[in-house]
Amino acid sequence: MNRPTFHRACAAVAATATGAVLLAACGGGGSDDGAARQASGAPRSTAAAPKSTAPDQAAGAAFTAIHVGGPTTILKLGGARLLIDPTFDEPKKYKSGLEKTHGPAFGVDKLGRIDAVLLSHDQHDDNLDDSGRKLLKDIPVVYSTPGARKRLGAHITGMTNWQQQELKTPTGSITVTAVPALHGPDGVSRGADGEVTGFVLSGKGVPTVYVSGDNASVKVAKEVGDRVKKEIGPIDTAVLFAGAARTPAILKNAPLTLTSKNAALVVKELNPRKVVAVHTDSWNIYSEDLGSLVKAFQEQGVDGKLVDVRPDGTEKNLAG
């Protein structure tokens, strides 16, 4: 992560109403110890299980997020714990050319109960690394693409666009809807390598949550939002994969996920109550970091919707 850019962007928002939270998300002004860990590529602390800062709530009412690193996030809602795109390797290089530059906030041993995995796709290491692949075998339900089912096996539920599945939870059920995502600029097709999915979570007593997956298109996100609003209701919370992932080997280095500006434009289109921004750290192909995202959100006037979900394993309340 580009620390100087990161902290300059943070300083720019320090005086706003949400500046204190966003500044904390950028590292609290930049401690030498934190910067040294980032520069060295050392893994984040794995000494403790996720620590909750959310108020005590009944199990069915709790709505929280834990950002583990990269795209990997745990959502707690409707009495269930859902894991998005599991990546738990320590820093390493992959045969694909991708490199993981920072370790997860905590390891699989401190993950706790997971009721289902939302896997945007399996083709790329930054969305499913070696530890994540191994973990999938122990998860009762895994939702992903039809291609992922072919490659990973019958324990994967391969979902086509707008297909729905009911996930039973300790307090009821969550409707999981697969929604379109475009892993590159508008108008391009990457074939099987670009097959990705987003998700929408909804149900009785459950906040409607949009998980973009590796989508780079504002147009596609808007189309999803329009249909969800019509058929399900307004989107309460958006989990956006940003970072403007790029690699010279694909589409001449075009962004394969949302740029910071486009993530902010998606928020303006969907108007969610809260935004959980992930996919900006821990991998060498992410060209825009959290500082860039904060600045873009401020410029578009939507920074007040950002939730402080640093990739530190801390549980944050989304209900308030």
Side-chain angles (χ1 to χ4, degrees), residues 50 52-68 71-86 111-120 139-145 156-181 197-213 215 221-241 266-267 269-278 305-309 314-320:
S52 175
T53 60
D56 291 337
Q57 303 178 62
F63 180 30
T64 66
I66 300 170
H67 188 194
V68 181
T72 307
T73 307
I74 301 169
L75 290 180
K76 182 191 293 183
L77 76 166
R81 299 182 84 246
L82 309 179
L83 176 63
I84 301 171
D85 284 10
L111 186 57
R113 186 193 88 242
I114 295 296
D115 298 291
V117 165
L118 305 177
L119 178 63
S120 67
I139 304 298
V141 181
V142 180
Y143 299 116
S144 193
T145 65
I156 307 297
T157 300
M159 300 176 67
T160 57
N161 288 340
W162 301 107
Q163 182 178 354
Q164 294 184 327
Q165 297 284 340
E166 289 295 319
L167 174 67
K168 298 299 182 183
T169 75
T171 60
S173 67
I174 296 173
T175 300
V176 180
T177 305
V179 297
T197 188
F199 299 95
V200 169
L201 310 173
S202 61
K204 184 178 180 180
V206 176
T208 299
V209 178
Y210 167 54
V211 180
S212 74
N215 171 59
K222 181 182 184 303
E223 290 171 350
V224 169
D226 288 345
R227 180 163 171 176
V228 169
K229 184 176 181 179
K230 180 179 179 180
E231 298 183 1
I232 300 175
I235 292 172
D236 177 85
T237 298
V239 180
L240 300 182
F241 287 30
V266 166
V267 173
E269 292 288 355
L270 303 186
N271 194 29
R273 183 180 58 86
K274 296 286 187 181
V275 177
V276 175
V278 299
K305 294 179 179 291
L306 270 173
V307 177
D308 171 14
V309 283
T314 301
E315 186 172 17
K316 296 297 174 66
N317 180 39
L318 301 180

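Interatomic distance, NE2 of His67 versus OG1 of Thr314, reported as 11.5 Å (0.5 Å rounding). Here the straight-line distance linking atom CG of Asn317 with atom NZ of Lys76 works out to 10.5 Å at 0.5 Å rounding. Rounding to the nearest 0.5 Å gives a distance of 7.5 Å between OG1 of Thr169 and CG of Asp115. Rounding to the nearest 0.5 Å places CG of Leu240 at 9.0 Å from CG of Asn215. Atom CH2 of residue Trp162 and atom CD of residue Glu231 lie 6.5 Å apart, to the nearest 0.5 angstrom. Taken from CG in Leu83 to CD1 in Ile114, the straight-line distance is 5.0 Å, to the nearest 0.5 Å.
Applying salt bridge (charged side-chain N to carboxylate O under 4.0 Å, His left out) to Asp236 and the options Arg273, Lys274, Lys305 leaves one that passes, Arg273.
Proximity of a side-chain donor or acceptor of Thr72 to a complementary backbone N or O of Asp85 within less than 3.5 Å is detected. Of the possible donor and acceptor atoms, none in the side chain of Thr197 sits under 3.5 Å from a partner among the backbone N and O of Ala178.
Ion pair Lys222/Asp226 flagged as a salt bridge, since at least one NZ, NE, NH1 or NH2 atom sits closer than 4.0 Å to an Asp/Glu carboxylate oxygen.
Summarising the geometry of Phe241 relative to Ser212, their closest heavy-atom pair is N-OG, 2.9 Å, with the distance given to 0.1 Å. Phe199 and Val179 make their closest contact through N-CG2, 3.5 Å (heavy atoms, listed as atom of the first residue, atom of the second, distance). Val117 and Pro86 make their closest contact through CG1-CD, 3.9 Å (heavy atoms, listed as atom of the first residue, atom of the second, distance). The two residues Ser144 and Ile156 make their nearest non-hydrogen contact at CB-CG2, 3.9 Å. Of all the heavy atoms in Leu167 and Ala116, the pair that sits closest is CD2-CB, 3.9 Å. Here the shortest heavy-atom pairing between Val309 and Ala65 reads CG1-CB, 4.4 Å.
Thr64 and Glu315 are linked by a side-chain donor-acceptor pair at a separation below 3.5 angstrom, with hydrogens and angles left out of the test.
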Where do Tyr210 and Thr208 land on the side-chain contact (heavy atoms from CB on, under 4.5 Å) test, with the steps shown first?
CA-CA 7 Å; Tyr210 167 54; Thr208 299; over 6 Å; no
Audit row: Gln163, Thr157, side-chain contact (heavy atoms from CB on, under 4.5 Å) steps and yes/no:
CA-CA 11 Å; Gln163 182 178 354; Thr157 300; 5.7 Å; no
Pair Leu318, Leu77 - check side-chain contact (heavy atoms from CB on, under 4.5 Å), show working.
CA-CA 10 Å; Leu318 301 180; Leu77 76 166; over 6 Å; no
side-chain contact (heavy atoms from CB on, under 4.5 Å) assessment of Leu201 paired with Val176
CA-CA 5 Å; Leu201 310 173; Val176 180; 3.9 Å; yes
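Considering only heavy atoms from C-beta on, Val200 stays 4.5 Å or farther from Ile235 through its side chain.
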